[in-house]
Amino acid sequence: SGYLNLFDVVVVGAGPAGSSAATEAARRGLSTLIIDKEFFPRDKPCGGAISGRGMSYLHESIPSELIQREIHEARIGFRSATRSVQRKDIMAVVVDRAAFDHYLLQGAQEAGARAKLGERVHEITDTGPHVEVETSRGTYRARFAVVAEGAFGGLKTRVRRKDRPDEMGLCAVTDVPAAAEVIEGFPGSTLEMQLGVAGYGYGWVFPHDDHFSVGVGDMARLMSAPRARLADFLTAKGFDPGLSAAARLHPLPGGGIRRQIARGRVLLAGDAAGFVDAFLGEGISFAISSGRHAATAAARAGGAGGDSSPQTIGRHYERLCREDFGRHLSRSLFVTKALHAAPDALLAQVLRDRSLSEAFFGIPTMQTTYDRYILRTVLALPRLLARMMLNLARRRSTSP
């Protein structure tokens, strides 16, 4: 017949979104194939931090041997303002993405999904009754396809238009080798974010077992010289700026933008769908969750009774994502624009306010929401304004 196999679901991409989709689909009894152009484990440029939200979306707890650091402190700075927030509970964990992604893929295979690695997908065609996935080795046919190829691939345009430059971000990341005692002196339980290094983005220093992951990220249109931007940040943090020459660049979708994520029998998940927190740049949580939602929606097509048309399945998938994290992502974009509209007047004051700073880090751990944080900040505006005016008066009184 020319077809290698007929599956319920074919997943393109074996990162967190794809492996989560394949695991959920296989657990729901769907015949599942996951395809990736790479062999695993494979290198993945990423800071490697997984938030409390991300951990809550996983099927099981992350094995201890994969966790390089448990994060109990976050340090965030903007110009002269710096705030450290400490928690007894774990705010996030740091993993090696190559090992973590491989673990998720193995989980999908253990659940019953078949995997084809080192196989590139060239085309996806929705024929109506099925979807055909053409690869370098043949053509697979399935009832649904989940595209989880990340921000790089072009298959997403079978569902939605290509992102414009002002809808894309760009990161430059490098590893800074360090002895264990240097890491511990950081200390190793601390993530550092430096705002103001980039327009809407930030620079970061994340501790791993034997190195720091150091990077900068911003909107792509503002990153004309990403390695030079990274070199400046490395210098500011006391690291060798020459390490920027080995930096890896990777795009990410601008978060919080409404995009089409389903068309016919093709569903988008993770970065391919544009699911990224606009302020934090976090995408792993929403990759895992959207992958699971895509599989849940596809499984519904096999249920008895009701409307199981592709259009209905697509709407169901969109609703699952919207109800789970849609408002979170849209509000993350609102907060990003609001705080960066007048950074010296607002962002610096928010950082200097302990209660607002501590409340913010409850967002990635799901202890609060962007909506509640926005309300809290609005109620604090009179206090922030009074403090800003007082500081201005002091500077004027001391100026010659």
Query raised in the report: Are L379 and V335 co-members of a hydrophobic cluster defined by side-chain heavy atoms under 4.5 Å apart?
Result: no
Report summary line: Rounding to 0.5 Å, atoms CZ (R114) and CD1 (I35) come to a distance of 10.0 Å
Report task. May I ask you to say whether R27 pairs ionically with E60, meaning some side-chain N is under 4.0 Å from a carboxylate O? Result -> yes
Query raised in the report: Are I67 and M55 linked, directly or through other ILVMFWY residues, by side chains that come within less than 4.5 angstrom of each other?
Result: yes
Side-chain donor-acceptor contacts of residues 278-288 below 3.5 Å, not counting sequence neighbours, with atom names and distances?
from : atom 1 : to   : atom 2 : distance (Å)
E282 : OE2    : S51  : OG     : 2.4
E282 : OE2    : S285 : OG     : 2.3
S285 : OG     : S51  : OG     : 3.2
S285 : OG     : G54  : N      : 2.9

Requested in this report: Could you tell me whether the side chain of T135 and the main chain of R137 form a donor-acceptor pair under 3.5 Å?
Outcome: yes
Query raised in the report: Are M219 and L333 linked, directly or through other ILVMFWY residues, by side chains that come within less than 4.5 angstrom of each other?
Result: no
Requested in this report: Before giving the answer on side chain to side chain contact (heavy atoms under 4.5 Å, CB included), spell out for Q367 and D89 the whole-Å C-alpha distance, their side-chain angles and the decisive distance to 0.1 Å.
Outcome: CA-CA 11 Å; Q367 293 172 320; D89 58 326; 3.4 Å; yes
Query raised in the report: Are the aromatic ring centres of F206 and F212 under 6.0 angstrom apart?
Result: no
**Report entry** Closest non-hydrogen atom pair, R42 against A98
**Finding:** O-CB, 3.1 Å
Requested in this report: Indicate yes or no for a side-chain donor-acceptor contact from R69 to the backbone of V94 under 3.5 Å, with no hydrogens or angles considered.
Outcome: no
Query raised in the report: Would you find a donor on one side and an acceptor on the other, under 3.5 Å apart, between the side chain of S289 and the backbone of C321?
Result: no
Query - Taking every non-hydrogen atom, the tightest pair across V133 and A145 - result: CG2-CB, 4.5 Å
Report task. Output, in order, the C-alpha distance, side-chain angles, deciding distance and verdict of salt bridge (Lys or Arg N to Asp or Glu O under 4.0 Å) for R221 and D218. Result -> CA-CA 8 Å; R221 60 184 173 82; D218 198 358; over 6 Å; no
Requested in this report: Could you tell me whether R28 and E24 have a side-chain N and a carboxylate O separated by less than 4.0 Å?
Outcome: yes
Query - Transitive ILVMFWY side-chain link L375 to L339, under 4.5 Å - result: no
Report task. Calculate, to the nearest 0.5 Å, the distance between atoms CD1 and CZ belonging to I363 and R331 respectively. Result -> 12.0 Å
Query raised in the report: What do the steps show when you test E132 against Y140 for side chain to side chain contact (heavy atoms under 4.5 Å, CB included), and what is the final call?
Result: CA-CA 6 Å; E132 296 179 358; Y140 303 91; over 6 Å; no
Query raised in the report: Is the shortest side-chain N to carboxylate O distance from D43 to R248 below 4.0 Å?
Result: yes
Query raised in the report: Would S20 and T23 count as a side chain to side chain donor-acceptor pair (under 3.5 Å) if you check the C-alpha gap in whole Å, the side-chain angles of each, and the deciding distance to 0.1 Å?
Result: CA-CA 5 Å; S20 297; T23 299; over 6 Å; no
Query raised in the report: Hey, is CZ on R258 packed in by over 12 heavy atoms from elsewhere, all under 6.0 Å?
Result: no
Report task. Could you give me the CA-CA distance, side-chain angles and deciding distance for V176 and D240, then say whether side chain to side chain contact (heavy atoms under 4.5 Å, CB included) is met? Result -> CA-CA 8 Å; V176 177; D240 177 9; over 6 Å; no
Query raised in the report: Do the side chain of D126 and the main chain of V131 share a donor and acceptor less than 3.5 angstrom apart?
Result: no
Requested in this report: Mind checking the CE-CG spacing from M168 to D166? Nearest 0.5 Å is all I need.
Outcome: 11.0 Å
Query raised in the report: Looking only at heavy atoms, what is the nearest atom pair of A298 and V9, with distance?
Result: CB-CG2, 3.9 Å
Report task. Could you tell me whether R383 and D353 have a side-chain N and a carboxylate O separated by less than 4.0 Å? Result -> yes
Requested in this report: Mind running salt bridge (Lys or Arg N to Asp or Glu O under 4.0 Å) on D163 and R259 for me, showing each step along the way?
Outcome: CA-CA 9 Å; D163 286 323; R259 297 174 171 92; 3.0 Å; yes
Query raised in the report: Hey, what's the ring geometry for F360 with Y373, parallel, tilted or perpendicular (30° and 60° as the breaks)?
Result: perpendicular
Query raised in the report: Under a 4.0 Å N-O cut-off, is there an ion pair linking E192 with R75?
Result: yes
**Report entry** Distance-minimising heavy-atom pair for R354 and R83
**Finding:** NH2-NH1, 3.1 Å
Report task. Locate the shortest heavy-atom distance separating R158 from R263; write the atom from each residue and the value. Result -> O-CD, 3.3 Å
Query - For I76 against L195, the heavy-atom pair lying closest together - result: CD1-CD1, 3.8 Å
**Report entry** Exam field: side chain S330 to backbone G256, donor-acceptor pair closer than 3.5 Å
**Finding:** no
**Report entry** Pair R161 + E167: basic N to acidic O under 4.0 Å
**Finding:** yes
Requested in this report: Could you tell me whether a side-chain N or O of R227 sits under 3.5 Å from a main-chain N or O of A247, the two making a donor and an acceptor?
Outcome: yes
Query raised in the report: Per the side chain to side chain contact (heavy atoms under 4.5 Å, CB included) rule, which among L268, D271, I261 passes with K156?
Result: L268
Query raised in the report: Backbone N or O of A14 within a donor-acceptor pair of the S19 side chain at under 3.5 Å?
Result: yes
Report task. Without swapping roles, check the side chain of R160 against the backbone of A272 for a donor-acceptor pair under 3.5 Å. Result -> yes
Query raised in the report: Within the side chain of H211, is there an N or O that forms a donor-acceptor pair under 3.5 Å with the backbone of D175?
Result: no
Query raised in the report: Is a side-chain donor or acceptor of E149 paired with a backbone partner of L155 at a separation under 3.5 angstrom?
Result: yes
Report task. Measure from the ring center of H328 to the ring center of Y370 and say whether it is less than 6.0 Å. Result -> yes
Requested in this report: Would you sort out whether E358 and R87 count as a salt bridge (Lys or Arg N to Asp or Glu O under 4.0 Å), showing the intermediate values?
Outcome: CA-CA 9 Å; E358 292 180 349; R87 291 181 179 271; over 6 Å; no
Query raised in the report: Just one of L58, I50, L104 clears the side chain to side chain contact (heavy atoms under 4.5 Å, CB included) bar with P16, so which one?
Result: L104
**Report entry** Interatomic spacing from CZ in R327 to OG in S332 - rounded to 0.5 Å
**Finding:** 12.5 Å
**Report entry** Atom pair CD/CG of Q68 and D96 - distance to nearest 0.5 Å
**Finding:** 5.5 Å
Report task. Please round to the nearest 0.5 Å and tell me the distance separating atom CD of E70 and atom CD1 of I62. Result -> 10.0 Å
**Report entry** Residue pair V146 / V12, side-chain heavy-atom distance below 4.5 Å
**Finding:** no
Query - Residue pair Q194 / F233, side-chain heavy-atom distance below 4.5 Å - result: yes
Query raised in the report: Would a hydrophobic clustering, with Ile, Leu, Val, Met, Phe, Trp and Tyr connected at side-chain separations under 4.5 Å, put V85 with Y202?
Result: yes
Report task. Could you tell me how the ring of F100 sits relative to the ring of Y103: parallel (under 30°), tilted (30 to 60°) or perpendicular (over 60°)? Result -> tilted
